Amino acid sequence: MADFMRKLKNTMLGASLQTKLLLFFLPLAIIPLSVLGTFSYHKSAQVVQQQVCQTILESLSQVNYSLDYFVKDIEQLTMYIYSNRDIQDVLAKDPNRPLAEKHQDKQKIGDILEAFLGFKNWDISIYLLGENGDRYFTGDLLPGPYDDYNPNWGHFRKMRLAGGNVVWDTHYTMKKTDDFGVVLSSGRLLKRIDTNEPLGYLVVDIMESALADKYKKAHLQPGGQMLLLDRNGYIISSTPSKHKVGTKLDEPFVDQVLAGSKGFFELDSGGASPVMVVYDTSEVTGFKLVNVLPVEALTKQSSSIRSLTLLVIGLGAAVSCLLAYVLSVSITGPLRKLKLLMRTVETGNLDVSFASKYRDEVGQLGRSFNAMVHRIKQLIDEVYNKQLMLQEAEIKAIHAQFHPHFLYNALDSINWLARIHKLDHISRTVVSLGELLRFSIRKGEPLIPVREDIGQIRNFLTIQLLRYGDKLEAHIEMEEKIEELYTLKLMLQPIVENAITHGLEMKKGKGCLYIAASLPGSGCGSKCATTASACRSTSSNG
């Protein structure tokens with residue numbers, strides 16, 4: 001891993017600037033856009049899911065209201081049958097009456113029951129089970145448990161204990177494979193109104209299809225399952241799958257549904273796809289309508305949002321790529337041009353110029369490059385001109401070497417002639433002039449010891465004394481420590497020359513030039529003052 005990261009780092013550092021800008025700019029643009037798009041999609045999907053669940057819940061409430069109305073109609077029907085005078089009279093008759101009379105009673109009760117069923121298009125069956133043995137019903141057959149019923153068992157026991165009030169009971173067996181038959185029964189204990197004597201039992205069997213029709217018109221999502229549960233969690237009716245009708249619901253969410261009254265929640269069933277459970281409870285019967293549907297069925301409605309989000313992300317990525325490319329080219333293009341110009345300069349061609357249209361950092365760098373190239377050309381020209389001047393100076397110096405040698409030889413000849421004729425003052429003057437000439441044209445450091453500069457002053461004064469004769473007197477007082485110090489070459493000679501020319505030459509009589517140098521606190525103060533006083537006295541007397 002460390003080797004891979006090191007290789008990746010070296011690759012990134014060795015990549016071109018345009019590649020680096022693309023690699024760094026694109027993630028900065030695409031990643032936030034993708035995160036924002038994904039977050040927006042999930043948030044909108046949650047909102048859509050909640051809105052759909054809320055719509056389903058409202059639809060279940062409407063179905064429950066319809067079921068409650070249906071239940072009340074059934075209860076009202078049982079009350080009509082209970083209070084019908086003809087039914088009361090027939091069920092109170094002697095069980096041993098003639099067959100013709102029984103046949104007439106059967107037709108009469110059948111007409112009454114059919115008349116009750118004619119008001120509504122209900123898929124129900126009505127059974128009148130008299131204590132006198134009469135059996136009247138609307139269906140094709142009379143079930144065995146109704147023909148020979150046991151008043152102490154099941155639904156009949158509930159009716160007997162209710163004392164004439166309506167009771168409800170669910171059926172947990174199915175009589176056919178395709179037709180799931182009776183799933184709910186309502187019944188009353190029939191009593192004679194005037195004497196309160198038991199006359200028999202009224203049973204209304206409700207078919208599963210009668211209940212299923214009530215919630216088929218609800219707002220159901222494809223792929224979902226609708227369940228109608230009783231208070232104990234048994235399935236009274238379901239759609240589209242009906243194979244579990246009559247059985248107790250065995251799902252992880254059954255306890256939460258039975259404990260609550262209404263709402264919806266998401267259930268993650270482990271390896272299977274998550275489902276949404278929406279349920280509502282009837283306030284009249286206590287039955288629960290449950291709609292179980294996969295979350296995928298809900299998120300299908302947000303597919304347009306997902307498509308739009310992906311489209312926006314795609315367009316954003318495309319625009320980001322385009323902008324990154326344009327930006328990288330706009331930045332690296334001038335830099336590449338500047339790099340090519342630098343390579344041209346490296347070859348020695350200085351006739352280049354960077355043309356910048358902008359005032360950004362790259363433009364400033366280009367202008368600095370132009371200024372640098374211009375300055376280099378100037379320096380090269382200056383160095384070239386200096387070399388030419390130096391060569392010319394060296395040639396002139398070679399040509400001029402003849403003149404100093406000639407002067408030195410001439411002065412030396414004059415010196416020997418003066419010495420031969422014993423003209424010492426001329427000899428001294430010539431020697432001093434030669435020393436001055438050598439010192440003035442000597443090459444070397446600009447700083448020399450004060451001792452050497454004072455020596456040339458003495459040579460200069462020797463020549464001046466020969467010129468002025470007794471008109472000029474010169475004194476030099478110099479401490480040894482000062483002679484070891486350094487000064488600029490020929491710095492004192494112009495001062496001495498100006499003092500003689502402008503100070504003493506125009507003076508009438510004898511002049512005195514006094515040159516003294518001492519360090520602060522040295523013992524030369526009184527001596528120098530005495531010498532200076534004597535020099536002033538000489539000058540005054542002259």
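Counting from 1, the numbers follow the sequence of the chain as shown. Since the model is a prediction, treat every value here as computed from it, not as a measurement.
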Contact between [X] and [Y] at the side-chain level, heavy atoms closer than 4.5 Å - yes or no?
X: Ile500; Y: Leu461; result: yes
X: His374; Y: Gln378; result: yes
X: Leu67; Y: Ser282; result: no
X: Val496; Y: Phe460; result: yes
X: Ile454; Y: Glu483; result: no
X: Leu293; Y: Ile56; result: yes
X: Met342; Y: Val352; result: no
X: Lys377; Y: Asp351; result: yes

N/O donor-acceptor pair under 3.5 Å between [X] side chain and [Y] backbone:
X: Thr462; Y: Arg458; value: yes
X: Asp230; Y: Asn232; value: yes
X: Ser66; Y: Gln62; value: no
X: Asp453; Y: Thr487; value: no

Once rounded to the nearest 0.5 Å, what's the spacing between atom [atom1] of [X] and atom [atom2] of [Y]?
X: Gln387; Y: Leu390; atom1: CD; atom2: CG; answer: 6.0 Å
X: Tyr234; Y: Thr247; atom1: OH; atom2: OG1; answer: 9.0 Å
X: Lys337; Y: Leu341; atom1: NZ; atom2: CG; answer: 6.5 Å
X: Ile495; Y: Asn498; atom1: CD1; atom2: CG; answer: 8.0 Å
X: Arg231; Y: Phe287; atom1: CZ; atom2: CZ; answer: 7.5 Å
X: Leu267; Y: Glu251; atom1: CG; atom2: CD; answer: 8.5 Å

Could you tell me which non-hydrogen atom of [X] sits nearest to which non-hydrogen atom of [Y], and how far apart they are?
X: Phe264; Y: Leu57; answer: CD2-CD2, 4.3 Å
X: Ile235; Y: Leu249; answer: CD1-CD1, 4.0 Å
X: Cys53; Y: Val278; answer: O-CG1, 3.9 Å
X: Ser61; Y: Asp280; answer: OG-OD1, 3.4 Å
X: Val345; Y: Phe369; answer: CG2-CZ, 3.8 Å

- request: Kindly determine whether Lys510 and Lys471 satisfy side-chain contact (heavy atoms from CB on, under 4.5 Å), including the steps that lead there.
  value: CA-CA 4 Å; Lys510 187 177 182 179; Lys471 189 178 179 180; 5.6 Å; no
Chi angles and distances behind the side-chain contact (heavy atoms from CB on, under 4.5 Å) call for Phe265, Val257: CA-CA 10 Å; Phe265 57 89; Val257 170; 4.2 Å; yes
- prompt: Any chance CD of Glu480 has more than 12 other-residue heavy atoms, nucleotides or ligands included, within less than 6.0 Å?
  reply: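 Count not over threshold, so no.
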- prompt: Relative to the ring of Tyr514, is the ring of His475 parallel (under 30°), tilted (30 to 60°) or perpendicular (over 60°)?
  reply: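 Tilted, since the angle between the ring planes falls between 30° and 60°.
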Leu311/Leu315 under side-chain contact (heavy atoms from CB on, under 4.5 Å): CA gap, chis, key distance, verdict: CA-CA 6 Å; Leu311 178 61; Leu315 292 177; 4.1 Å; yes
- request: Could you point out which residue of Leu228, Leu229, Leu227, Thr285 forms a side chain to side chain contact (heavy atoms under 4.5 Å, CB included) with Ile236?
  value: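 Only one option passes, and that is Leu228.
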- prompt: Would you say the side-chain atoms of Lys288 and Thr281 include a donor-acceptor pair closer than 3.5 Å?
  reply: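 Yes, side-chain donor-acceptor contact under 3.5 Å.
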